[in-house]
Every structure is written in structure tokens, then in C-alpha cells.
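Written out below as C-alpha cells is the structure these notes cover.
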Amino acid sequence: MPELPEVETSVQAIQEFADQSLESIEIYNPNLRWKVDSKSFKKLFGLKVNKINRRAKYILLHIEKSQILIHLGMTGTLRIANKKSNFYKKHDHIEFIFQKGKLIFNDPRRFGSMHLIGEPSKHFLLDKLGPEPLSREFDGEYFFQKIKKSLSPIKNALMNQQNVVGIGNIYANEILFDARIRPTRKSKTITKKEHNKIAESAKKILKIAIKAGGTTLKDFYKPDGNKGYFKIDLAVYDRANEKCKNCKKESIIRIIQSQRATFYCRKCQT
DNA sequence: ATCTACTCCTGATTGC
DNA sequence: TGCAATCAGGAGTAGA
């Protein structure tokens with residue numbers, strides 16, 4: 001599930017480990033999207049995590065001159081556990097043992113990843129990423145310039161991490177509904193004015209979602225428990241055949257775009 | 001260079 | 001109830 005708001009929530013939830021030393025790391029199953037290099041992680045024993053932050057949908061744990069790079073994929077979750085508990089959940093892959101607790105990475109579908117890396121901006125997973133959607137760099141003018149010649153649908157452009165990061169299938173649908181733009185529109189046909197609205201909607205929707213994540217943080221990240229991701233009140237995603245929340249007349253339709261489900265209102269989104 | 005389809009994997013849900 | 005088919009929120013990669 002994790003898109004930018006969920007990853008941001010996770011980063012906030014594990015801040016207690018910033019400033020703690022890694023006592024050891026347990027690798028139960030190194031098979032993720034790329035095989036985890038167990039050897040390199042063993043060199044980290046005894047070192048301190050100085051900072052934990054996010055770039056796009058990646059989580060970074062900074063340790064002196066290297067950092068642990070984590071991607072949650074589709075089904076990855078982090079959970080905090082008490083140090084004494086030995087509760088193993090199915091699909092637990094990696095466990096970081098700190099002074100005051102444990103951080104466990106669980107991922108049933110194994111689309112997530114974990115790397116030990118050097119300079120983040122030079123890593124192959126990060127070096128082509130576009131700007132953060134909540135930064136000043138991302139605005140209508142930027143997006144217009146970036147995709148004004150593109151033939152691909154605006155929804156694909158929004159989800160393309162080289163254009164702007166952090167937006168996945170749910171929020172792309174929600175953002176375009178908020179902006180009243182039809183997801184199938186070719187990017188090159190989007191006017192500057194519409195771009196301003198898209199950028200505005202993107203910031204608005206993501207901020208609302210981050211806030212919602214913050215309010216449910218307590219339930220989400222309890223030691224030894226993980227109730228799963230929060231959901232904001234979605235207007236179109238997974239609401240096929242339901243009445244549009246804007247016009248209250250037309251039904252939301254579901255189509256497939258580039259193998260992914262797209263939801264929109266034919267009346268409100270043009 | 002741009003764009004789309006395929007692919008990795010397990011689990012929940014839907015349909016017969 | 002059982003079993004098979006379908007679908008899932010990501011994104012690198014191959015190939016058109």
C-alpha cells in the first residue's frame with residue numbers, strides 16, 4: 001500500500017531509534033526484490049543511527065557514512081517490538097535490534113527492498129528521482145515544463161517517479177479527482193492552468209493523508225502490534241459504481257490503464 | 001528517447 | 001465448503 005503518506009508516517013513512527021545504537025541484526029529471510037547482502041549488514045553492529053528520514057517512498061537510516069535504504073514495496077511494513085519478545089510473524093525478513101527495542105521488517109509479497117548504500121543521491125534507485133511533491137520545486141509550472149510533450153496519460157505521468165515522487169495508484173486517482181482532470185488525458189493536452197490545479201490538489205491530498213496517518217500513529221505502531229495501514233476518506237479509489245461525491249449523480253467508473261485500476265467520474269473530470 | 005507490457009510474490013476476495 | 005480465477009496500494013526491465 002505504501003505511498004508517500006504511509007512511508008512518511010512510518011518514518012515518524014520509528015523516530016525513537018534515531019540516536020540509538022544497533023546491537024545486532026537478524027536476517028531471517030534475505031529474499032526481497034533484491035537479495036539482501038547479509039555480510040555488509042554485519043559490519044554495522046555497535047554503530048549508531050544518527051537520523052531517520054524519507055526520500056520519495058524510501059526510508060533512510062543514516063549510520064555514519066552509510067545508510068540503510070528501505071523500500072516497502074506493496075506489502076512491506078515495519079513494526080516495533082519489545083526487546084524481550086521473541087514473537088515471530090510469518091514473512092518477517094529482517095530484525096534490527098537496538099538498545100531499547102526492535103525494528104522488524106515484514107513483507108509477504110517481497111516487492112520491498114533493503115540495501116546498505118553510500119551517497120544516497122548516487123545510488124541507482126535514487127539518482128533518477130524527481131522532486132518531492134510537497135517541496136517548492138514541485139509546482140504547476142515545473143510539471144507543465146516536464147511533461148508538456150509527453151504522449152502518456154496524465155495519471156501515468158503523476159505516478160512516474162522521475163517526474164514527481166511519492167504518488168502511487170491510490171493518490172493519483174484521488175488527486176486527479178480533486179483536480180477534476182480525467183486520468184486518461186494525454187499529458188501534452190494539460191493546460192498550465194490545469195497543471196496549477198493538479199499541483200495544488202497533489203499537495204492538498206498528500207497533506208491530508210499525512211495528517212490522517214499522524215492521528216492513527218498510535219494504533220499503527222504499537223510495540224508487538226501492527227494493525228495495518230490507515231486510509232483517508234477516499235473519493236474515488238475502489239468506489240466503482242458508487243455515486244460521485246461531487247455531482248452526486250454520475251457513478252464512478254473503473255477502467256484499466258497500464259495494468260492498473262483507474263477510477264473517475266465522467267461528468268466531473270474532463 | 002518514450003512508452004507499454006511483463007514480471008517478481010503471497011494473500012484476500014470473488015465466482016462457480 | 002472447496003477450489004480456481006482474479007486482483008492488489010510498486011517499479012525495474014525488456015522490448016516495441
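Letters A, B, ... are given to chains in the order of the sequence lines, protein chains preceding strands, and every chain is numbered from 1.
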Here the distance between atom C1' of dT13(C) and atom CH2 of Trp34(A), to the nearest Å, is 10 Å
Is there a Watson-Crick or G-U wobble partner for dC9(B) with both distances under 3.5 Å, and which nucleotide is it? none
Can you tell me how far apart CD1 (Ile52(A)) and CG (Leu103(A)) are? Round to the nearest 0.5 Å. 7.5 Å
Side chain of Pro108(A) - closest among dA11(C), dA8(C), dT10(B): dT10(B)
Counting only side-chain heavy atoms from C-beta out, which of dA8(C), dT4(B), dG11(B) sits nearest to Arg109(A)? dA8(C)
Which of these nucleotides, dG10(C), dC7(C), dC9(B), is closest to any side-chain atom of Arg254(A)? dC7(C)
For Phe177(A), is the NZ or CZ atom of Arg180(A) found under 6.0 angstrom from the centre of its six-membered ring and inside 45 degrees of the ring axis? yes
Atom-pair distance (NZ on Lys35(A); P on dC8(B)), nearest Å: 17 Å
Starting at atom CG of Leu72(A), determine the distance to atom C1' of dA8(C), rounded to an integer number of angstrom. 16 Å
Nearest to the Met74(A) side chain among dC9(B), dG10(C), dC7(C), which nucleotide is it? dG10(C)
Phosphate OP1/OP2 of dT4(B): any Asn156(A) side-chain N/O under 4.0 Å: yes
Expressed as a whole number of Å, how far does the P atom of dC7(C) sit from that of dA5(B)? 16 Å
May I ask you to check whether Asn241(A) and Ser251(A) show a side-chain donor-acceptor distance below 3.5 Å? no
Measure from CG on Leu32(A) to P on dA11(C) and round the result to the nearest Å. 15 Å
Could you tell me whether the side-chain ring of Phe111(A) sits stacked on the base of dA11(C), using a centroid cut-off under 5.5 Å and a plane angle under 30°? no
Is the phosphate of dG10(C), meaning OP1 or OP2, less than 4.0 Å from a side-chain N or O of His71(A)? no
dC8(B) C1' sits how many Å from His93(A) NE2, rounded? 13 Å
Is it the case that Ser135(A) and Glu137(A) place a side-chain donor and acceptor less than 3.5 Å from each other? no
Minimum-distance nucleotide to Ser150(A) side chain [options: dG10(C), dA5(B), dC3(B)]: dC3(B)
Between dG12(C), dA5(B), dG10(C), which one does the side chain of Lys57(A) approach most closely? dG10(C)
So Asp107(A), base contact, sugar-phosphate only, or nothing? Heavy-atom distance under 4.0 Å. nothing
For Lys186(A), answer base if it contacts any base atom (sugar-phosphate contacts may also be present), sugar-phosphate if it contacts only those atoms, and nothing otherwise; contact means non-hydrogen atoms under 4.0 Å. nothing
Please report the distance, rounded to the nearest Å, between CZ in Arg260(A) and P in dT6(C). 19 Å
What nucleotide among dG12(C), dG10(C), dC9(B) has an atom nearest to a side-chain atom of Leu125(A)? dG12(C)
Phosphate-side-chain proximity, Gln161(A) and dG10(C), N/O vs OP1/OP2 below 4.0 Å: no
Over all strands shown, is Tyr58(A) touching base, sugar-phosphate only, or nothing at heavy-atom distances under 4.0 angstrom? sugar-phosphate
Aromatic ring centroids of His195(A) and Phe143(A) under 6.0 Å? yes
For the residue pair Trp34(A) and Phe124(A), is the inter-centroid distance of their aromatic rings smaller than 6.0 Å? yes
Using whole Å, report how far CG of Leu151(A) lies from C1' of dT4(B). 13 Å
Quickly work out the His91(A) NE2 to dT10(B) C1' distance and round it to whole Å. 6 Å
Is Arg33(A) touching bases, backbone alone, or none of the nucleic acid, heavy atoms closer than 4.0 Å? base
Ignoring backbone atoms, establish whether Lys90(A) has a side-chain N or O less than 4.0 Å from OP1 or OP2 of dT10(B). no
